[in-house]
Amino acid sequence: MIKIKSQEEIELMRIACRITRDTLKVVENSIKVGVSTKELDEIAYKYIISQGATPSFKNYCGFPASICASINDTVVHGIPNKNIILKEGDIISIDVGAKYKGYNGDAARTFPVGKIDSKTKRLIKITEQSFFEGIKGLKSGAYVGDISHRVQTFVEKNGYSVVRELVGHGVGKDLHEDPNVPNFGRAGSGPRLTANMIIAIEPMVNMGERNVIFLPDGWTCKTRDGMPSAHYENTVLITEEGVEILTL
């Protein structure tokens, strides 16, 4: 069931999303060669707690950490580990959520570690741009499929592929609510968007083929061909006139 948020709920989510956004900034400032993904996780945890919130991801369906830290060919849900050390030329996707007074924010970015090659820079740029393509013209009365179609069209036009096994979603009291928001599909399809709906739109874009594999840990998702993948996500409020990006 799709949940329409009250003004009080929206205000609480604005705070949760601000904390989520700022957590990404704090983590980004610590991304450098020689740092472990476990250290980044601890930095995120301490910051979220310091803001009077709790990490949305920690213990969510058994996930053991506060962030997902996904390097190079890991698409999403990489588990932080003290033995996973960032190297020059890596890229790392950080996905994080903060829960404030019962409401969640959710956002992700892909960051370079030191200097990265031009092909990978372009992958990150196109992934981010695909989000903004997805929300063009978006407002109450549009369809989820309108987002899906714009993201897919833009990504594939630029020579990349979109992951289909994992999608965006509604956000609120639960980290994952209805509706699902795929990054592929047909314009005019899917649920209709109405004012005060809040959704997470999160393109996951592969440099190579779209197919992925899931590791035995039950979380880590990697590209099947071993090519890099990038992730960009924001929590978005639908309004009568357009959208408000809560995690920017």
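Since this is a predicted model, take the numbers as computed values, not measurements.
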Return the minimal non-hydrogen interatomic distance between Gly78 and Phe63, and the atom names on each side.
O-CZ, 4.0 Å
In sequence, state the C-alpha distance, the side-chain angles, and the governing distance for Ser93 and Thr110, and then conclude on side chain to side chain donor-acceptor pair (under 3.5 Å).
CA-CA 4 Å; Ser93 298; Thr110 300; 2.7 Å; yes
Identify the heavy atoms of Glu233 and Thr247 that sit nearest to each other, and give their distance.
O-OG1, 4.5 Å
Walk me through whether Ile199 and Ile201 qualify under side-chain contact (heavy atoms from CB on, under 4.5 Å).
CA-CA 6 Å; Ile199 57 176; Ile201 302 170; 3.9 Å; yes
Any side-chain to backbone donor/acceptor pair from Ser189 onto Arg186? Under 3.5 Å, distance only.
yes
Can you check ring pair (Phe, Tyr, Trp, His ring centres under 6.0 Å) on Phe214 and His77, steps first, answer last?
CA-CA 10 Å; Phe214 293 88; His77 301 162; 7.9 Å; no
Test His169 against every option in Asp106, Asn180, Asp174 by the side-chain hydrogen bond (donor to acceptor under 3.5 Å, both in side chains) rule and name the one that passes.
Asp106
Flag if over 12 foreign heavy atoms under 6.0 Å of CZ, Phe154
yes
Shortest non-hydrogen separation from Ala107 to Arg109 and the atoms involved
CB-NH1, 4.2 Å
Does any N or O in the side chain of Ser130 come within less than 3.5 Å of the main-chain N or O of Val155, such that one atom is a donor and the other an acceptor?
no
Rounded to the nearest 0.5 Å, how far apart are CD1 of Ile238 and CD1 of Ile198?
9.0 Å
Please give me the minimum heavy-atom distance between Gly208 and Asp225, naming the atom from each residue.
CA-OD2, 3.4 Å
Could you give the distance from CD1 (Ile245) to CZ (Arg21), rounded to the nearest 0.5 Å?
12.0 Å
Which pair of non-hydrogen atoms, one from Ile48 and one from Ala98, has the smallest distance, and what is that distance?
CG2-CB, 4.2 Å
As a quick check of understanding, evaluate side-chain contact (heavy atoms from CB on, under 4.5 Å) for Ile116 and Ile124, giving each step before the final call.
CA-CA 11 Å; Ile116 61 173; Ile124 295 173; 3.9 Å; yes
Before you tell me yes or no, could you show the steps for Val144 and Leu193 under side-chain contact (heavy atoms from CB on, under 4.5 Å), namely the whole-Å CA-CA distance, both residues' side-chain angles and the distance that decides it to 0.1 Å?
CA-CA 7 Å; Val144 167; Leu193 301 171; 3.8 Å; yes
Has Ser229 got a side-chain atom pairing as donor or acceptor with Val205's backbone, closer than 3.5 angstrom?
yes
Greater than 12 external heavy atoms within 6.0 Å of Lys58's NZ:
yes
With a 4.5 Å limit on heavy-atom distance, are the side chains of Val167 and Asn183 in contact?
no
What distance separates Ser6 OG from Asn196 CG, expressed to the nearest 0.5 Å?
8.5 Å
So how far is it from Asp41 CG to Ile67 CD1, rounded to the nearest 0.5 Å?
5.0 Å
Evaluate the ring planes of Tyr60 and His176, with Trp represented by its six-membered ring, and classify them as parallel (under 30°), tilted (30 to 60°) or perpendicular (over 60°).
tilted
Shortest non-hydrogen pair, Gly105 vs Thr235, comes out as C-OG1, 4.1 Å
State whether Arg14 and Glu9 are salt-bridged, where the test is any N-O pair (Lys NZ or Arg NE/NH1/NH2 against Asp/Glu carboxylate O) under 4.0 Å.
no
Taking Asp22 for the side chain and Ile19 for the main chain, is one N or O donor matched with an acceptor at less than 3.5 Å?
no
Lys/Arg N to Asp/Glu carboxylate O, Arg224 vs Glu209, below 4.0 Å:
yes
Is there a donor-acceptor pair under 3.5 Å between the side chain of Ser66 and the backbone N or O of Ala44?
no
Under 3.5 Å, side chain of Ser140 to main-chain N/O of Ala195, donor-acceptor pair present?
yes
Short question: side chain of Asn104, backbone of Lys173 - any donor-acceptor pair under 3.5 Å?
yes
Can you check whether His149's main-chain N or O pairs, donor with acceptor, with Gln152's side chain at less than 3.5 Å?
no
Report yes if the side chains of Leu138 and Ile147 come closer than 4.5 Å at any heavy-atom pair, otherwise no.
yes
Any side-chain to backbone donor/acceptor pair from Glu240 onto Lys139? Under 3.5 Å, distance only.
no
Could you go step by step and tell me if Asn234 and Glu202 meet the side-chain contact (heavy atoms from CB on, under 4.5 Å) rule?
CA-CA 7 Å; Asn234 283 305; Glu202 51 177 319; over 6 Å; no
Applying the side-chain contact (heavy atoms from CB on, under 4.5 Å) test to Met204, which of Arg210, Arg164, His231 qualifies?
His231
Given 3.5 Å as the limit, does a donor-acceptor pair link the side chain of Ser36 with the main chain of Ile85, or not?
no
Strictly below 4.0 Å, N to O, side chains only: are Glu133 and Lys136 in salt-bridge contact?
yes
